[in-house]
Amino acid sequence: MAKRDGFNLYENKSNLKWIVLVISLVIGGGSIFYTNFLVEKLKDRERATIRIYAKTLEYTLSENVTIQQDINFLSEEIIYQNTSIPMIIMDSLGVIYGSKNIELDSTWTQARKNNKLRSMVASMKREYAPIRIAPIDQSTGKPYLVQYLYYKNSDLLTQLTYYPYVQLSVIAIFGFIAYMAFNYSRVAEQNRVWVGMAKETAHQLGTPISSLMAWIEILKADAGVTDKTILTELDKDVHKLGLITERFSNIGSVPKLSNEDIMQEVERVVAYLRPRISRKVEMKVRGMHEHIYAQINVALFEWVIENVCKNAVDAMGGEGKLEINVLEGSDWRVFVDISDTGKGINPSRIKQVFNPGFTTKQRGWGLGLALAKRIIENYHNGKIYVKSTTLDKGTTFRIVLNRLPESQVLS
Ligand SMILES: Nc1ncnc2c1ncn2[C@@H]1O[C@H](COP(=O)(O)OP(=O)(O)O)[C@@H](O)[C@H]1O
Ligand SMILES: [Mg+2]
C-alpha cells in the first residue's frame with residue numbers, strides 16, 4: 001500500500017528483525033559446526049595417542065628385562081605424556097591392572113576403587129571399543145597376559161563439545177537483557193517526547209487564546225459591530241481552541257478522571273462531527289441504557305472518540321454507516337464499540353495500526369491511533385483494540401473503560 005513518503009518504518013523494523021534472526025542463526029550454527037569440526041579433529045588425535053600408548057605398552061611388556069635403557073626411557077615418556085585421556089587397563093576376567101587420569105578418592109579401599117573402575121569400564125565400552133594389548137612372551141613367542149585398554153574422551157574434549165551451547169546461551173541472555181534495557185530507555189524517551197511536546201503546545205496556545213477572548217469581548221461591547229453572528233462563530237472557534245489546549249495540557253500531565261456519562265460524551269462528539277463530515281455518512285449512537293457511567297477524563301476521551309470516528313469516516317470514503325455502541329460489561333467495565341462499513345484493515349497490519357507513524361493515507365500522520373492508545377491505556381488504564389475487521393466490509397474498534405462499582409458512585 002502506498003505511503004506518503006514511500007518509507008514504512010514498521011515494515012523495515014520487522015524486516016530488520018528477520019535479518020537479525022537469520023544472522024544470529026548463521027553465527028550460532030556456524031559456531032556449533034566449527035566446534036564440532038575441532039572436536040572431531042581432537043578426537044582423532046586422542047585416539048591416535050591412545051593407540052600409540054597401547055602399542056608402546058605392549059612392546060615394553062614384550063621385551064626382556066635386559067632391554068636397553070633408552071628404549072625403556074622412550075616408552076615411559078610416551079606413557080607419561082598422556083595426562084588427559086582417562087583410561088583403564090583390565091583383562092577379560094575383570095582384573096584391573098591400572099588406571100590413568102581418573103580421580104579416585106584416596107581414602108577408599110582398593111576393592112571399592114576397583115568397583116568404581118569396573119563401572120566406568122562399562123560406560124567407556126559404549127563410547128569406544130577397547131584396544132587389545134597382547135605382549136609376546138619372548139621365550140615361547142606367544143602372547144601372554146592379554147589385557148584391554150578402555151578409554152573415553154578427555155575432559156577437555158567433553159567441555160569443548162558443550163562449549164558452543166554455553167557460549168550461545170550466554171550471548172542470548174546478554175542480548176535479551178540488552179534488548180530489554182534498550183527498549184525500556186526507548187519507551188522512557190518516547191514518553192518524554194510526548195509529554196514535552198504536549199506541554200509545550202498547550203503553553204504556546206494559551207497566550208494567543210486568552211488574548212483572542214479579550215478581543216471578542218471588546219468587539220461584543222462595540223456598538224459599531226452590527227453583525228453579531230460573526231462573533232458567535234468566533235466564540236465557538238475560540239472555545240474549540242480552548243478545548244484543544246486542554247487536551248494537550250492534559251496529556252502533558254497526570255489527568256484527573258471523573259465519573260461521566262459516556263452516552264452523553266459520545267453524543268457530544270457525534271454532534272460536533274456531524275456538520276463537519278459528508279452527509280452520506282449515517283451516524284448512530286446506541287446504548288444498553290440511557291446513561292452509562294465510566295471513569296474518564298472528558299477532554300482526552302473526546303479526543304479518542306474523535307480520532308477513531310474520523311478514521312472510520314476516512315475508511316468509508318465519505319459514504320456508509322458509522323455506529324457507536326456503548327455496552328456495560330459485567331466486570332465493572334464499559335465497552336465503546338465503534339463500527340464502520342469501510343474498507344477494513346489488512347490482517348497483517350492490524351498490529352501495526354497503533355504504531356506511531358503508521359498510516360496508509362496520502363496525508364496521514366499515523367498519530368491518531370497511537371495517541372488514542374496512549375490516552376486509553378496510560379491515562380485510563382483501559383484498552384483499545386481492533387475487535388473485528390473484514391476487508392471491504394468494515395471494522396470495529398473497541399474501547400474498554402473502567403467504571404466504579406455502584407456503591408462507590410457519588411450522585
Ligand atoms: N476504521 C478503520 N478502517 C480501516 N483502516 C483503519 C481504520 N482506522 C485506522 N485504520 C488504519 O490505521 C492507520 C493509522 O490510523 P491513524 O493512527 O489514525 O493515522 P492516520 O489516520 O493519520 O493514517 C490508517 O492509516 C488506516 O490504514
Ligand atoms: Mg487518523
Side-chain angles (χ1 to χ4, degrees), residues 1-14 187 190-191 193-195 197-198 201 240 243-244 247-248 250-251 266 269-270 272-274 276-278 280-286 299-327 335-380 382-400:
M1 248 177 262
K3 207 244 161 190
R4 188 173 9 96
D5 49 12
F7 174 78
N8 187 329
L9 183 71
Y10 288 92
E11 240 154 56
N12 279 23
K13 203 169 99 180
S14 70
V187 168
Q190 275 180 1
N191 282 345
V193 173
W194 274 107
V195 168
M197 280 295 283
T201 309
K240 178 72 186 170
L243 278 181
I244 292 171
R247 289 174 177 178
F248 279 109
N250 269 323
I251 209 157
V266 170
V269 176
V270 169
Y272 170 76
L273 287 175
R274 184 65 280 179
R276 288 169 175 79
I277 58 172
S278 152
K280 287 185 195 146
V281 172
E282 195 187 314
M283 291 214 267
K284 216 190 257 172
V285 180
R286 289 198 305 199
L300 293 182
F301 179 71
E302 281 180 358
W303 202 357
V304 171
I305 300 295
E306 226 177 272
N307 278 336
V308 179
C309 287
K310 275 185 190 158
N311 280 345
V313 172
D314 288 343
M316 295 188 287
E319 191 172 351
K321 264 194 214 160
L322 197 165
E323 211 176 278
I324 305 179
N325 268 308
V326 186
L327 311 161
F335 304 124
V336 182
D337 288 358
I338 301 168
S339 312
D340 62 59
T341 54
K343 59 181 161 60
I345 304 172
N346 194 316
S348 66
R349 289 172 191 266
I350 291 179
K351 268 213 273 191
Q352 296 175 4
V353 295
F354 293 101
N355 288 338
F358 177 85
T359 182
T360 54
K361 296 169 195 169
Q362 285 293 317
R363 289 171 179 281
W365 290 109
L367 285 182
L369 287 179
L371 185 77
K373 189 179 173 73
R374 194 178 168 79
I375 290 173
I376 295 299
E377 293 185 354
N378 292 21
Y379 300 114
H380 288 83
K383 276 198 194 98
I384 177 169
Y385 53 92
V386 177
K387 186 172 170 256
S388 64
T389 181
T390 315
L391 282 182
D392 296 326
K393 285 261 155 43
T395 307
T396 301
F397 276 86
R398 169 166 279 188
I399 298 167
V400 184

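Both counts, for ligands and for their atoms, begin at 1 and track the order of listing.
- For the pair Lys240 and Tyr272, the cation sits on the ring face: its NZ or CZ lies under 6.0 Å from the ring centre, inside 45° of the axis.
- Against a heavy-atom cut-off of under 4.0 Å, Gly364 is close to the following atoms of ligand 1: 22 (O).
- Across the listed options Thr341, Leu369, Leu391, Leu369 owns the non-hydrogen atom lying nearest to atom 9 (C) of ligand 1.
- Atoms of ligand 1 lying under 4.0 Å from at least one heavy atom of Val353, given by number and element, are 11 (C), 12 (O), 14 (C), 17 (O).
- Taking any N or O of Ile345, backbone or side chain, none lies under 3.5 Å from an N or O belonging to ligand 1.
- Interatomic distance, Leu371 CG to Trp303 CH2, rounded to the nearest 0.5 Å: 4.5 Å.
- Considering backbone and side-chain atoms alike, Lys361 places an N or O below 3.5 Å from some N or O of ligand 1.
- The closest approach between any non-hydrogen atom of Gly342 and ligand 1 is not below 4.0 Å.
- Which parts of ligand 1 touch Thr359 is read off a 4.0 Å heavy-atom cut-off, strictly below it: atoms 20 (P), 22 (O), 23 (O), 25 (O).
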Trace of the side-chain hydrogen bond (donor to acceptor under 3.5 Å, both in side chains) decision for Arg349 with Asn355 = CA-CA 10 Å; Arg349 289 172 191 266; Asn355 288 338; over 6 Å; no
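- With 3.5 Å as the limit, one finds no donor-acceptor pair spanning the side chains of Arg398 and Asn325.
- A distance of 5.0 Å separates CZ in Phe397 from CG in Leu369, rounded to the nearest 0.5 Å.
- Under the 4.0 Å criterion applied to side-chain N and carboxylate O atoms, Arg247 and Glu306 are assigned as salt-bridge partners.
- Contacts between Thr395 and ligand 1 below 4.0 angstrom, taking non-hydrogen atoms only, involve the side chain exclusively.
- How far CD of Glu323 is from CD1 of Ile338: 11.5 Å, rounded to the nearest 0.5 Å.
- Contact analysis puts Asp340 in contact with ligand 1, with a non-hydrogen atom separation below 4.0 angstrom.
- Rounding to the nearest 0.5 angstrom, the gap separating the OG1 atom in Thr395 from the CG atom in Asn311 is 10.0 Å.
- Closest of all the heavy-atom pairs between Asp314 and Lys361 is OD2-NZ, 3.0 Å.
- Panel note: side chain Thr389, backbone Ile345; a donor-acceptor pair is recorded below 3.5 Å.
- The proximity of Phe397 to ligand 1, defined as any non-hydrogen pair under 4.0 Å, is limited to the side chain.
- Because the distance cut-off is set at 2.8 Å, Thr359 fails to qualify as a neighbour of the Mg ion (ligand 2), as none of its N, O or S atoms comes that close.
- The distance criterion of under 3.5 Å between nitrogen or oxygen atoms is met by Thr360 with respect to ligand 1.
- Listed by number with element, the atoms of ligand 1 under 4.0 Å from a non-hydrogen atom of Gly368 are 16 (P), 17 (O), 18 (O).
- Of the listed residues (Gly357, Gly366, Ala370), the one carrying the non-hydrogen atom nearest atom 19 (O) of ligand 1 is Gly366.
- If you number the atoms of ligand 1 from 1 as listed, the ones under 4.0 Å from a heavy atom of Ala315 come out as 2 (C), 3 (N), 4 (C).
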